[in-house]
Amino acid sequence: MFISLSHSTFKLKATILRLVLLFLLGFTINKDNLCSNHPFANPTVPPITVHSSSMAKMIFDGHLSLHNNEHAAKDFGNRYNLMPSAVLHPKSVSDISYIIRHVFDLGLNSELTLAARGHGHSLEGQSQAYQGVVINMESFKLPRMRFHFQTGTKQPYIEVSAGELWINILHESLKHGLAPKSWTDYLHLTVGGTLSNAGISGQAFRHGPQIDNVYQLQVVTGRGEVMTCSEKQNEDLFHGVLGGLGQFGIITKARIALEPAPRMVKWVRALYSDFSTFTDDQEHLISSENSFDYIEGFVIINRTGLLNNWRSSFNPKDPILANRFISEGRVLYCLEVAKYFSPQEYDHIDQDVDKLLSKLNYLRSTLFLSEVSYIDFLDRVHVSEMKLREKGLWEVPHPWLNLLVPRSSIHEFAQQVFGNIVKDTSNGPVLIYPVNKSRWKNRTSLVTPEEDVFYLVAFLSSAIPSSTGKDGLEHILTRNDRILEFCGRPHLGIKQYLPHYSTIAEWKAHFGNQWEVFYRRKLIYDPLAILAPGQRIFQRAHAFGRQ
């Protein structure tokens with residue numbers, strides 16, 4: 001038996017009948033339901049008969065909006081514009097359960113779907129539901145943040161709504177001298193959003209992604225059932241929704257692991273001109289017992305005056321040598337690391353950092369250092385966001401491409417991609433850093449390469465809408481296609497992070513030997529394929545003969 005569920009005999013029989021029917025129907029992607037690659041394209045499907053009149057009569061603790069919902073048809077990727085028929089602004093878990101159960105009870109005679117939308121930071125319309133219902137999770141802030149402090153062997157944790165932003169959790173937890181263990185680089189995201197993907201950043205080599213630092217979840221399944229799950233209770237659902245792309249249920253509450261929070265950060269950047277030396281140092285750092293607390297890196301190609309741009313936030317270790325360094329026309333690799341500390345460690349933190357750096361082989365003229373507060377370090381991307389918003393350069397298309405590259409393939413990848421395909425990095429940062437999967441939990445839905453050590457490589461591009469040049473959307477998409485074509489070589493073993501595919505065959509290839517488990521969980525927890533239509537994995541199940 002897959003999982004123990006508390007249903008009556010009648011419901012269990014009904015469930016079996018539904019599963020048999022759905023096995024007969026099968027879950028296949030209807031290509032007519034797929035978005036085209038053109039920005040702001042709507043799928044060419046016949047209008048869905050949305051039961052708006054019946055939904056309008058439903059009573060919620062929050063409210064259901066049937067008009068002026070354009071905001072829910074957009075996301076950070078700014079390439080897809082899929083208008084929903086309604087947006088639910090929930091104030092209770094009952095609201096979410098109620099709307100899902102309503103759609104589920106419509107059964108095979110409806111094509112209505114639902115999507116949970118957090119801060120709208122998805123890239124390819126994943127949080128959108130064309131002519132469906134979008135659930136605005138930022139409206140759902142219950143329960144209020146509750147801290148549970150360490151007692152005996154029980155570690156501290158915070159219980160929060162899945163609609164809460166990580167930046168707010170950081171602010172509140174620091175008041176108690178605590179903080180979550182693992183982060184994303186950008187903190188203005190909802191808990192449910194990152195846990196549905198993974199939540200990977202420079203702390204993941206030590207603590208794993210955010211999905212590895214959760215004690216318990218409350219989830220509303222595609223049947224409208226509210227379920228509590230953890231490693232010991234409904235564990236199949238627990239592991240399924242973590243990294244599950246929203247396919248099995250909507251996360252409504254989470255218990256997040258905490259640890260004592262540092263106060264300050266020594267923040268360091270240094271450059272490499274040789275890729276092998278760069279990766280050797282990164283892999284040395286993630287495998288060392290005594291290391292930095294945050295380890296990332298990025299690629300710089302043909303950037304003029306790079307070190308001068310750093311001076312607004314960093315101080316060069318050797319200003320004279322730094323002034324002589326030329327970055328233009330070169331492919332360089334930046335190691336970015338941080339060491340956290342508290343006031344009582346201030347007397348020896350510089351010596352600790354120097355000792356760690358002494359074992360590395362960076363270009364000595366390019367060492368830059370800074371000292372910032374812990375909160376300023378974690379929220380550093382928000383500073384860049386504010387600057388881009390002032391220039392009108394934030395709400396532009398973001399054709400991001402995120403990859404997980406096995407250690408055995410990273411050098412071939414770098415040679416081909418950084419040597420031939422990517423000519424400069426002026427359109428946005430290109431992150432690259434390793435993690436060690438052997439320290440991660442391995443039962444979640446997250447798909448990673450088979451090797452223990454792999455690299456996250458993220459092309460975080462921004463496109464200028466009116467441009468037809470190298471900073472234009474079509475140019476960047478063409479570049480991404482070339483990268484993906486190379487990554488498709490089977491021997492490389494590369495996987496996408498935050499994946500986006502157009503066919504069921506591609507999704508099956510992405511999940512590999514995890515597909516059967518993923519498919520089974522879909523049949524159990526969302527048998528009508530109501531949830532997360534924007535991921536384009538499963539088509540909404542409907543009656544025979546409907547087009």
Side-chain angles (χ1 to χ4, degrees), residues 183 185-187 201-202 262-275 277-278 281-282 285 292-341 346 349-358 360-394 418 422-433 458-462 471:
W183 298 97
D185 286 331
Y186 182 61
L187 302 188
S201 185
R263 295 279 297 278
M264 299 296 293
V265 175
K266 286 288 186 179
W267 187 6
V268 183
R269 285 179 178 174
L271 292 178
Y272 294 73
S273 58
D274 180 72
F275 186 73
T277 306
F278 170 68
D281 277 1
Q282 282 193 319
L285 288 174
F292 290 97
D293 298 293
Y294 161 98
I295 299 169
E296 288 196 8
F298 51 95
V299 183
I300 306 110
I301 302 176
N302 196 23
R303 295 287 296 276
T304 302
L306 174 69
L307 298 189
N308 285 332
N309 294 334
W310 288 2
R311 292 175 187 267
S312 60
S313 302
F314 294 83
N315 296 313
K317 185 75 170 181
D318 189 327
I320 296 176
L321 287 178
N323 285 336
R324 297 173 182 170
F325 186 81
I326 298 174
S327 59
E328 185 176 1
R330 304 178 66 178
V331 178
L332 298 166
Y333 309 96
C334 176
L335 175 68
E336 183 171 51
V337 293
K339 189 70 174 174
Y340 305 155
F341 67 100
Y346 196 83
I349 187 62
D350 286 336
Q351 291 86 348
D352 293 345
V353 170
D354 287 344
K355 185 176 180 180
L356 292 172
L357 291 173
S358 68
L360 305 180
N361 298 292
Y362 56 88
L363 299 172
R364 300 298 162 177
S365 61
T366 67
L367 181 62
F368 277 64
L369 304 99
S370 181
E371 184 176 308
V372 296
S373 71
Y374 183 60
I375 193 167
D376 285 345
F377 173 73
L378 291 180
D379 201 29
R380 61 197 179 279
V381 177
H382 188 57
V383 176
S384 300
E385 175 190 349
M386 293 298 99
K387 293 178 180 178
L388 290 171
R389 284 190 181 277
E390 290 177 2
K391 299 176 181 178
L393 296 176
W394 181 257
F418 303 141
V422 180
K423 301 301 182 182
D424 65 66
T425 54
S426 59
N427 296 323
V430 178
L431 304 183
I432 178 169
Y433 57 91
F459 299 86
L460 308 182
S461 303
S462 298
D471 56 355

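No hydrogens, no waters, no symmetry mates; every other heavy atom, side chains included, goes into these values. What you see is a predicted model; the values in this text were computed from it and never measured.
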Can you name the side-chain contact (heavy atoms from CB on, under 4.5 Å) partners of [X], sequence neighbours left out?
X	result
Asp350	Lys266
Asp379	Ile167, Leu187, His188, His382
Asn309	none
Asn315	none

inquiry  = Quick one: does any side-chain atom of Ser370 pair with a main-chain N or O of Ser313 as donor and acceptor, under 3.5 Å?
reply    =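 Yes, the answer is positive, given that a donor and an acceptor are paired below the 3.5 Å cut-off.
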request  = State whether the side chain of Asn361 and the backbone N or O of Thr277 hold a donor-acceptor pair below 3.5 Å, judged by distance alone.
outcome  =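 The answer is no, because no donor-acceptor pair under 3.5 Å joins these two groups.
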query = What residues, two or more places apart in sequence or in another chain, satisfy salt bridge (charged side-chain N to carboxylate O under 4.0 Å, His left out) together with Arg311?
reply = none
In Å and rounded to the nearest 0.5 Å, what is the [atom1] to [atom2] distance from [X] to [Y]?
X	Y	atom1	atom2	value
Ser426	Asp471	OG	CG	7.0 Å
Arg380	Trp267	CZ	CH2	6.0 Å
Tyr433	Glu296	OH	CD	4.0 Å
Tyr333	Asp274	OH	CG	8.0 Å
Leu307	Leu367	CG	CG	10.5 Å
Arg263	Ser373	CZ	OG	9.5 Å

inquiry  = Could you go through Leu360 and Leu285, starting from their C-alpha distance and side-chain angles, then the distance that decides it, and tell me whether this counts as side chain to side chain contact (heavy atoms under 4.5 Å, CB included)?
reply    = CA-CA 9 Å; Leu360 305 180; Leu285 288 174; 4.1 Å; yes
Locate the shortest heavy-atom distance separating [X] from [Y]; write the atom from each residue and the value.
X	Y	result
Ile301	Lys423	CG2-O, 3.1 Å
Ser365	Leu321	CB-CB, 3.5 Å
Val372	Phe377	CG2-CB, 3.8 Å
Ser201	Tyr294	OG-CE1, 4.2 Å
Arg364	Leu357	NH1-O, 4.0 Å
Phe278	Cys334	CE1-O, 3.5 Å

ask   = Between Tyr362 and Leu335, does a side chain to side chain contact (heavy atoms under 4.5 Å, CB included) hold up when you go through it step by step?
value = CA-CA 8 Å; Tyr362 56 88; Leu335 175 68; 5.8 Å; no
ask   = In terms of the angle between their ring planes, are Trp310 and Phe298 parallel, tilted or perpendicular, with boundaries placed at 30° and 60°?
value = perpendicular
Residue pair Asp352 / Phe341, side-chain heavy-atom distance below 4.5 Å =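 Heavy-atom side-chain distance check fails, nothing below 4.5 Å.
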task = Indicate yes or no: at least one non-hydrogen side-chain atom of Val422 is less than 4.5 angstrom from one of Val299.
result = no
inquiry  = Using the side chain to side chain contact (heavy atoms under 4.5 Å, CB included) definition, which of the options Asn308, Leu306, Leu332 pairs with Phe325?
reply    =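 Testing Phe325 for a side chain to side chain contact (heavy atoms under 4.5 Å, CB included) against Asn308, Leu306, Leu332 leaves exactly one candidate, Leu332.
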request  = Determine, stepwise, if the pair Val337 / Leu356 fulfils side chain to side chain contact (heavy atoms under 4.5 Å, CB included).
outcome  = CA-CA 10 Å; Val337 293; Leu356 292 172; over 6 Å; no
message = Can you pull out every salt bridge (charged side-chain N to carboxylate O under 4.0 Å, His left out) where at least one residue sits in residues 319-337? Sequence neighbours excluded, please.
response =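 Every pair satisfying salt bridge (charged side-chain N to carboxylate O under 4.0 Å, His left out) with a residue in residues 319-337: Arg269-Glu336.
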